[in-house]
Structures are given as structure tokens and as C-alpha cells.
2 protein chains.
Amino acid sequence: MQQSIKLSVDAVVFGYESETISVLLIRRKYDPFKGKWAIPGGFVLDSESLEEAVERELKEETGIKINYLEQLYTFGNPERDPRNRVVSVAYFGLIKPSAFKLAASTDAEEAQWFTINKLPELSFDHAEILKLAITRLQAKITYEPIGFELLDTKFPFSDLEKLYAAVLGREIDRRNFRKKMLGLNVLDELDEKVSKGSGRPANLFMFNKNRYFKLKKEGIIFEI
Amino acid sequence: MQQSIKLSVDAVVFGYESETISVLLIRRKYDPFKGKWAIPGGFVLDSESLEEAVERELKEETGIKINYLEQLYTFGNPERDPRNRVVSVAYFGLIKPSAFKLAASTDAEEAQWFTINKLPELSFDHAEILKLAITRLQAKITYEPIGFELLDTKFPFSDLEKLYAAVLGREIDRRNFRKKMLGLNVLDELDEKVSKGSGRPANLFMFNKNRYFKLKKEGIIFEI
DNA sequence: ATATATTAGCGTAAAATATACGCATTGTAT
DNA sequence: ATACAATGCGTATATTTTACGCTAATATAT
């Protein structure tokens with residue numbers, strides 16, 4: 001059997017800052033779609049796993065160290081690349097704001113954050129990939145505690161609430177959200193307070209991964 | 001760039017009969033794992049889409065016409081095939097009992113149904129693929145109306161209930177299940193009855209796909 | 001200094017859903 | 001006829017979700 005299909009990986013990386021969700025895009029250096037915006041990615045090496053390929057490409061193209069990575073979908077339409085047959089395994093990832101600045105400063109002309117409502121035209125079928133990734137993020141955040149991967153380690157509760165509102169694109173009742181989230185018993189309340197601007201200073205919280213895994217093992221599911 | 005990764009597809013096909021869920025497996029003709037049981041699948045041709053590849057391979061190896069097909073996950077561990085680097089896009093599929101008999105008679109020595117609790121040893125990482133497929137089926141049947149793809153077009157309500165009990169591996173309260181399912185407004189009650197053995201004859205029902213799509217568009221979700 | 005705005009945090013009542021069953025109905029088997 | 005088996009309907013109770021009032025703590029304006 002002679003097969004000339006090439007295999008690539010792509011990564012939709014989400015970040016969260018100033019109450020909006022952004023996606024990391026790069027400007028392509030080579031044809032096809034030279035100069036156009038695209039999701040970071042590239043070809044898989046013979047010896048590496050798919051995850052290794054994604055992390056390598058992300059580092060090469062954007063300098064980012066990913067915080068959460070999950071396989072999204074594999075795109076295999078024979079026409080998706082105008083030149084060769086390329087099948088791409090798409091991933092979606094999340095990073096914390098600390099890594100944020102790092103990426104933006106690495107090579108501002110080539111890698112850039114875009115608010116998910118103000119996206120440029122994209123190469124290949126990347127618009128479709130991105131759309132699927134957003135849907136998945138919205139669905140997933142309600143039944144897996146991945147939201148914390150977008151926040152700093154310590155965060156005021158309101159940050160978490162605003163994050164959920166931003167991802168889901170709708171208002172959230174502050175009081176019910178707090179009750180539900182705290183009721184899941186995966187947050188540790190710290191003895192630290194932060195005051196940003198006016199208003200009552202907020203207590204800081206931390207996500208307790210160990211307790212989450214323990215509860216998960218007992219069959220208790222995270223659900224917002 | 002020189003890349004010598006081969007791309008294959010695999011399909012976990014579930015069937016439902018006599019109150020149990022079965023999986024379709026084939027006995028491998030060639031090395032590696034010659035003579036061992038495996039999930040049907042094979043290499044993707046340069047010109048075909050991934051879905052076309054799955055359907056072609058299924059037809060070639062088992063004679064089955066699939067009823068529902070959905071991408072599951074892509075397995076890319078470099079060591080998953082002892083000989084070459086093979087990345088496989090796994091699908092999971094469902095078929096109705098009518099196609100059932102057809103498959104069993106095609107080539108009984110090579111394609112066979114196995115109850116999901118009595119599986120033989122499997123080739124490659126197929127045990128892992130199968131495990132993931134079962135988890136996905138269990139999750140999906142509760143929020144998408146895919147269960148009907150495993151039943152005949154017309155079915156008594158108890159068939160649906162038994163199917164859910166079999167897939168989820170637990171008892172289901174007949175009365176509450178009926179209330180909930182009928183409340184979703186996607187079933188048409190027919191003016192036909194069936195009597196199998198003793199007991200009161202049951203009315204037949206049909207899944208109404210059009211109504212389901214209409215409700216879905218209105219944001220009403222199927223959930224059991 | 002005092003009032004006012006602003007964000008944090010707690011609690012409670014009502015509505016909607018899920019769960020647990022009781023029991024009549026309609027057929028077949030003996 | 002009578003027993004049995006499966007279908008089909010209803011109701012009471014528990015649980016979860018939703019809506020929203022109110023107090024607390026701090027910054028900022030007057």
C-alpha cells in the first residue's frame with residue numbers, strides 16, 4: 001500500500017484576561033496562506049507522540065508553555081489543504097495569564113491574541129476548528145473543572161464567576177453560582193484578601209486538585 | 001520534511017440484541033496479531049475522507065452498512081503498532097438488528113459479535129479504544145437520541161427501556177423513564193400493537209427525527 | 001467626617017425536576 | 001375461570017434549581 005497522507009497537529013489555545021476569552025493565532029510565514037492568520041500547528045515527527053508534537057510546535061511558534069491540553073477532533077477532508085493531503089489532529093488548550101504576557105512579547109508580529117468575537121479571516125479549515133473548540137470549551141467547563149487552568153493559582157471568587165460568564169456568553173447569578181461552586185468542595189478558601197479598586201475586598205480561593213480527584217473517584221461529579 | 005507515518009481508521013460497532021450490547025470484532029488474517037481478534041479497520045486511501053474509509057473497511061471486512069457513525073478519538077502513541085508508526089482515527093458506530101443477521105452470516109469465521117462483558121483478548125491498543133467507546137456510548141445516549149439507531153424503526157416502549165438499562169448497566173424505573181422519554185416529545189405512538197409471549201400487548205413507537213431537529217433548533221435538549 | 005457607590009457574601013422562599021412507589025389494565029397460559 | 005405477566009397511568013415526597021432580598025466591607029466623592 002502506498003499512502004502519501006501527511007499528518008499534522010493544530011492547537012486552539014484559549015486565554016482569559018480582562019473578562020474576555022482570547023485565542024492565540026500565528027501569521028503564516030510560508031505558502032499556502034502565506035501572511036494569513038492560522039491556528040498554531042505543524043507536522044508530526046515520526047518518533048513523537050501527538051501531544052509531544054503539539055507542545056513542540058507551540059513552543060516553536062509562540063513560546064508558550066501549555067497548562068491544559070486535550071484532543072479536540074481530527075480533520076480529514078481530502079480538500080482541506082489545497083496542495084497535499086493533510087490530516088490534522090486538532091487539540092484545544094488553556095493557559096494562565098502569567099504565561100500570557102510571555103507569549104505576546106516573544107514575537108508580536110507572528111503570534112497574537114484575538115478576542116473570540118473579533119477574529120480575522122483564517123487559513124485552511126481553521127475557522128471550523130476554532131468554532132468546534134469554542135463549543136467544546138463551553139460544554140466542558142460545565143462538567144470538568146478546567147476553568148481554573150485559565151485563572152491564577154489564587155483568585156477571588158468573582159474572577160471565577162466572570163470567567164464562566166465570559167465563556168458561556170451569558171449572565172450568571174452570583175449567589176447561586178457561589179453556592180453551587182462552593183458546594184462542590186473543591187475550593188480552598190485562603191486567609192488572604194485582595195482589594196482591586198472600590199468595594200469590599202475579596203477572599204482568595206484555590207482549586208484543590210487532590211480533593212477533586214478524590215471526589216471524582218467516589219463518583220461525585222463536578223457540574224455547574 | 002520526510003514523514004513515514006501511516007494513517008488508519010478503526011470502527012467500534014455496537015449492536016443490541018436480546019437485552020445485551022455487543023461489539024463487532026474481526027479475526028486478523030495477517031501479521032501483526034495474525035489470528036487474533038481486533039476492531040475492524042484499515043488504512044485510509046489518499047483520495048477518500050476518513051468517514052468514507054471507515055465505511056469502506058466495514059463493508060469489506062464485515063459486510064455491514066452502518067446506521068450511525070461518529071468520530072471517537074485519534075490514537076497516536078508511537079508504540080501502538082509494533083512494526084510501523086500507525087496513527088489511527090477511531091470511530092464508533094451503531095447498527096440496527098436488521099443489519100445484524102446480515103453481518104453474522106457473511107463470514108462467521110472472520111466477523112463475530114461479542115457481548116461487551118465477554119470480550120476476547122484484543123490486538124494493538126484495541127482494548128483501550130473499546131473501553132473509551134463504551135464510556136462514550138454510555139455518556140452520549142443520555143444527551144443525544146442515538147439509542148434509536150440500535151432498535152428497529154418501530155419498537156415497543158419496553159425495548160427502549162431495556163436498551164437503556166443494558167447500555168448504562170443499571171436498572172431503570174420503568175414509569176419514570178417513560179414519563180421522561182415521552183415528555184421529550186420525539187416519539188410518535190402508533191396504532192399498532194405487538195404481543196410477545198405473555199402479558200399485555202404493547203403499543204409501538206417510532207422516533208420522529210424531524211421533530212427532534214426542530215426542538216433542538218429551539219434550544220430544547222434531549223436528556224435522559 | 002459623612003454620605004454614597006461598589007463589590008463581596010449569606011440566606012430564604014418558590015418553582016421545577018427527579019425519585020419512589022401503588023395500582024388498574026389488557027392480554028396470554030393453564 | 002383463574003393465575004400470571006407485562007403495559008400503562010397517577011400521586012406523594014425529596015431534591016435541585018431559580019429568583020431575589022439583605023447585610024458587610026471598603027473606596028471615593030462631597
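Residue numbering restarts at 1 for every chain, and letters A, B, ... go by the order of the sequence lines. Owing to the predicted nature of the structure, the values given are computational and were not obtained by experimental measurement.
Spacing between atom CZ of A:F177 and atom C1' of D:dA19 amounts to 17 Å, rounded to whole angstrom units. Across the protein-nucleic acid pair, A:K162 atom NZ and C:dT7 atom C1' stand 8 Å apart, rounded to whole Å. Atom CZ in B:F155 sits roughly 14 Å away from atom P in D:dT7 (whole-Å rounding). Whole-Å rounding puts the B:K196 NZ to D:dC4 P distance at 23 Å. For the pair B:N203 CG and D:dC9 P, the interatomic distance rounds to 9 Å; values are reported in whole Å. Between the CG atom of B:L160 and the P atom of D:dA6 there is a distance of 18 Å, given to the nearest Å. In this structure, the CD atom of B:E171 is 14 Å from the C1' atom of C:dT19, given to the nearest Å.
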**Item:** Heavy-atom protein contacts under 4.0 Å, nucleotides 10-18 of chain C, coded B base, S sugar-phosphate only, - none
**Value:** BBB-----S

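The ring pair (Phe, Tyr, Trp, His ring centres under 6.0 Å) test with A:F207 singles out one residue from A:F213, A:F222, A:F148, and that residue is A:F148.
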Identify all pairs in which a protein N or O lies below 3.5 Å from an N or O of nucleotides 25-27 of chain C, and state each distance.
{"from": "C:dT25", "atom 1": "O2", "to": "B:R200", "atom 2": "NH1", "distance (Å)": "2.7"}
{"from": "C:dT26", "atom 1": "O4'", "to": "B:R200", "atom 2": "NE", "distance (Å)": "3.3"}

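Formation of a donor-acceptor pair under 3.5 Å by the A:Y164 side chain with backbone atoms of A:I141 is found in this model. Side chain of A:T115 to backbone of A:K118: no donor-acceptor contact under 3.5 angstrom is found.
Considering only residues two or more places apart in sequence or on other chains, B:K179 meets the side chain to side chain contact (heavy atoms under 4.5 Å, CB included) condition with B:N176. Applying the side chain to side chain contact (heavy atoms under 4.5 Å, CB included) criterion to A:E70, with sequence neighbours excluded, gives A:Y68, A:F92, A:R136, A:K140. When the side chain to side chain contact (heavy atoms under 4.5 Å, CB included) test is applied to B:S198, no partner is found at least two apart in sequence or on another chain. Applying the salt bridge (Lys or Arg N to Asp or Glu O under 4.0 Å) test to A:E60 and every residue at least two apart in sequence or in another chain returns A:R56.
Along DNA chain D, the nucleotide closest to A:G197 and the one closest to B:D159 are compared, and the more 5′ of them pairs with B:D159.
Classification of the B:F157-B:F205 ring pair by plane angle, with boundaries at 30° and 60°, yields perpendicular.
Note that the CD atom of A:E144 and the CD atom of A:E149 stand 11.0 Å from one another [nearest 0.5 Å].
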